[in-house]
There are 2 protein chains.
Amino acid sequence: MAPSEAVVHAWTRLERAHRAALPTVEDRLKAAGLPPLAWYDVLLELERAGAAGLRPFELQKAMLFTQYNLSRLVDRMSAKGYVARAASAEDGRGQLLTITRAGRALRRRAWPVYAAAIDAAVGAHLSDAEARTLGDLLRKLY
Amino acid sequence: MAPSEAVVHAWTRLERAHRAALPTVEDRLKAAGLPPLAWYDVLLELERAGAAGLRPFELQKAMLFTQYNLSRLVDRMSAKGYVARAASAEDGRGQLLTITRAGRALRRRAWPVYAAAIDAAVGAHLSDAEARTLGDLLRKLY
DNA sequence: ACGCACTAGATGCGATTGCATAGAAATGGA
DNA sequence: TCCATTTCTATGCAATCGCATCTAGTGCGT
C-alpha cells in the first residue's frame, strides 16, 4: 500500500524515460514518412502469426491495447491495404486478420528507421549489459 | 545505428511495462474521482517551486510535455481553480504559474490513491533492490 | 429448443492530442 | 535605433482517444 522510496523513484523514472524515448522514435518514423509505431507493432504481430492470422481480441491482448482503439487502428490499416480482414470461420462474431504483401513490405521498409531510433533512444545511453538488466527488470512489471 | 538484441528487448519491454502500468494508475485515480496523472505532476512541480512559481516553459521542460498540451492543461487546471496564472514581471510575453490552496488540497488528497497505485503497478513486482537498480538504469535514458 | 449471461467487435459523441501557425515581446546585430 | 531572428504562449482544425452503448453470436443450464 505504501511504496518505498525506491519504488516511487522507479515509477517516476519509468514515466520520464518513456516520455523521452517515445517521441524520439515517433518523430523519426514520421520524418521518414512512415506511419506511427503502433502500426509497426501490429504488422509485426501479424507477420509472426503467419497465414493463420490473428483475431482482433488476440492482438488486443498481445499489444495491451484497448478494444476500441484496436478496432479503429485496424480500420485505418486495412483502409490502407496493410492488413486484411476476413470473417472468422469458427466464430460468427469474429474476424481474422492477416498481413498483406503491402503490409510486409511496409514493415520491412520501416525496420531500419525504427532500429536506428531505438538505438538513439536506448542503445546510446546503455551498455549491452545494462540493457539486458533493464529488460529483465521491466519484464517483471507485466 | 544497429541496436543489439539486448537494446531492442529493453525498448520493447519499456513500452510494454509502461502500457501495463500507466492504465493501472490512471484507472485508480479515476475510480477515486480524481483528475488524471498529469494534473498531479503539475501540482507537485508547482508546489515544489513554492511562491516563486514556475513559467509554463519551465514546467514544460520539467515534465517533457509538448508546448500546446501544457498550455491547454494549464487552461483546464486554472479553470478548476487549482493553479493561478499571472503575468510575468520580467517577461512581457510570459506567465507565472502558482499552485492555489485548492491545488495543494487536491494534491494532498490524491497522494494516498496515487501511492497505492504505484505500489500495485511497480512495488508489487519488484524487491526494493530491484526497484533501485531499475530506477538507476531508467535514469540514464533521459 | 429456449432463455440468459457473456464475448467479439463497432460506433456516436465529447474530450484530448498533434500540427501548423499566429501574435506579441525579447534579443542581437549592423 | 532599426530590422531580423528567436522565444513564449495561444489557438483553429483535423485526427485520435475514452466512454458508454449497441448489435450479433456464442455457450450454457434447463
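Small disclaimer: the values here were computed from a predicted structure and weren't measured.
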Colleague: Among B/Arg107, B/Arg104, B/Arg108, B/Arg101, find the residue that satisfies the salt bridge (Lys or Arg N to Asp or Glu O under 4.0 Å) test when tested with B/Glu47.
Modeller: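 With B/Glu47 as partner, B/Arg107, B/Arg104, B/Arg108, B/Arg101 yield a single salt bridge (Lys or Arg N to Asp or Glu O under 4.0 Å), made by B/Arg107.
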Colleague: Rounded to the nearest Å, what distance is computed from the CG atom of residue A/Leu37 to the P atom of nucleotide C/dG18?
Modeller: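 Rounded to whole Å, this separation is 14 Å.
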Colleague: Do NZ/NE/NH1/NH2 and the carboxylate oxygens of B/Lys30 and B/Glu26 come within less than 4.0 Å?
Modeller: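 No, B/Lys30 and B/Glu26 are not salt-bridged.
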Colleague: From NZ of A/Lys80 over to C1' of D/dA15, roughly how many Å is that when rounded to an integer?
Modeller: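 Between C1' of D/dA15 and NZ of A/Lys80: 12 Å.
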Colleague: Select one nucleotide: of D/dC19, C/dA26, C/dT17, the one nearest the side-chain heavy atoms of A/Tyr68.
Modeller: D/dC19
Colleague: Whether A/Ser71 contacts C/dA10 is assessed here as follows: a side-chain N or O lying under 4.0 Å from the phosphate OP1 or OP2. Is that the case?
Modeller: yes
Colleague: Please report, rounded to the nearest Å, how far the P atom of D/dG25 is from the CZ atom of A/Phe57.
Modeller: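 One finds 17 Å between P of D/dG25 and CZ of A/Phe57, rounded.
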Colleague: Please compare A/Val74 and B/Pro36 by the position of their nearest nucleotide in DNA chain C and report the one closer to 5'.
Modeller: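 Whichever sits nearer the 5' end wins; that is A/Val74.
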Colleague: So how far is it from B/Leu59 CG to B/Phe65 CZ, rounded to the nearest 0.5 Å?
Modeller: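 If I round to the nearest 0.5 Å, the distance is 9.0 Å.
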Colleague: Side-chain N or O of A/Arg55 less than 4.0 angstrom from OP1 or OP2 on C/dG9?
Modeller: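 For A/Arg55, the contact criterion (side-chain N or O under 4.0 Å from OP1 or OP2 of C/dG9) is met.
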Colleague: Starting at atom CG of B/Leu70, determine the distance to atom C1' of C/dG18, rounded to an integer number of angstrom.
Modeller: 15 Å
Colleague: If only side-chain N and O atoms of A/Arg85 are considered, is one of them under 4.0 Å from the OP1 or OP2 phosphate oxygen of C/dA8?
Modeller: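 Result: no.
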Colleague: Any chance you could measure B/Arg132, atom CZ, to B/Leu126, atom CG, to the nearest 0.5 Å?
Modeller: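 Reported value, rounded in 0.5 Å steps: 12.0 Å.
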Colleague: Considering heavy-atom distances to DNA chain D, does B/Glu58 or A/Leu73 have its closest nucleotide positioned more toward the 5' end?
Modeller: B/Glu58
Colleague: With a 3.5 Å cut-off and just heavy-atom distances, do the side chain of A/Gln67 and the base of C/dA10 make a donor-acceptor pair?
Modeller: yes
Colleague: Could you tell me the separation between the CG atom of A/Leu29 and the P atom of C/dC19, rounded to a whole number of Å?
Modeller: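 That distance rounds to 12 Å.
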Colleague: Would you mind reading off the distance between A/Leu97 atom CG and C/dG9 atom C1', rounded to a whole angstrom?
Modeller: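 Atom CG in A/Leu97 sits about 11 Å away from atom C1' in C/dG9.
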Colleague: With side-chain hydrogen bond (donor to acceptor under 3.5 Å, both in side chains) as the test, would you mind laying out the steps for A/Glu130 and A/His125 before giving the verdict?
Modeller: CA-CA 9 Å; A/Glu130 288 172 330; A/His125 302 284; over 6 Å; no
Colleague: When you measure from the side-chain N and O atoms of B/Gln95 to the phosphate of D/dA10, is any distance below 4.0 Å, counting only OP1 and OP2?
Modeller: yes
Colleague: Starting at atom CG of B/Asp27, determine the distance to atom P of D/dA20, rounded to an integer number of angstrom.
Modeller: 11 Å
Colleague: Report whether B/Val25 and B/Leu64 are members of the same hydrophobic cluster (ILVMFWY, side-chain heavy atoms less than 4.5 Å apart, transitive linking).
Modeller: no
Colleague: Give a yes/no on whether any side-chain N or O of B/Arg93 is located under 4.0 angstrom from OP1 or OP2 of C/dA22.
Modeller: no
Colleague: Base, sugar-phosphate, or nothing: which does A/Asp91 touch, judged by heavy atoms less than 4.0 Å apart?
Modeller: sugar-phosphate
Colleague: Taking OP1 and OP2 of C/dT16, is either one under 4.0 Å from a side-chain nitrogen or oxygen of B/Asn69?
Modeller: no
Colleague: Go nucleotide by nucleotide along DNA chain D from the 5' end; which of B/Arg72 and B/Pro56 gets its closest nucleotide reached first?
Modeller: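 Its nearest nucleotide being more 5', the pick is B/Pro56.
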Colleague: I want to check one thing: is the phosphate of C/dG18, taken as OP1 and OP2, less than 4.0 Å away from some side-chain N or O of A/Lys30?
Modeller: no
Colleague: To the nearest angstrom, how far is A/Gln60 atom CD from C/dT7 atom P?
Modeller: 13 Å
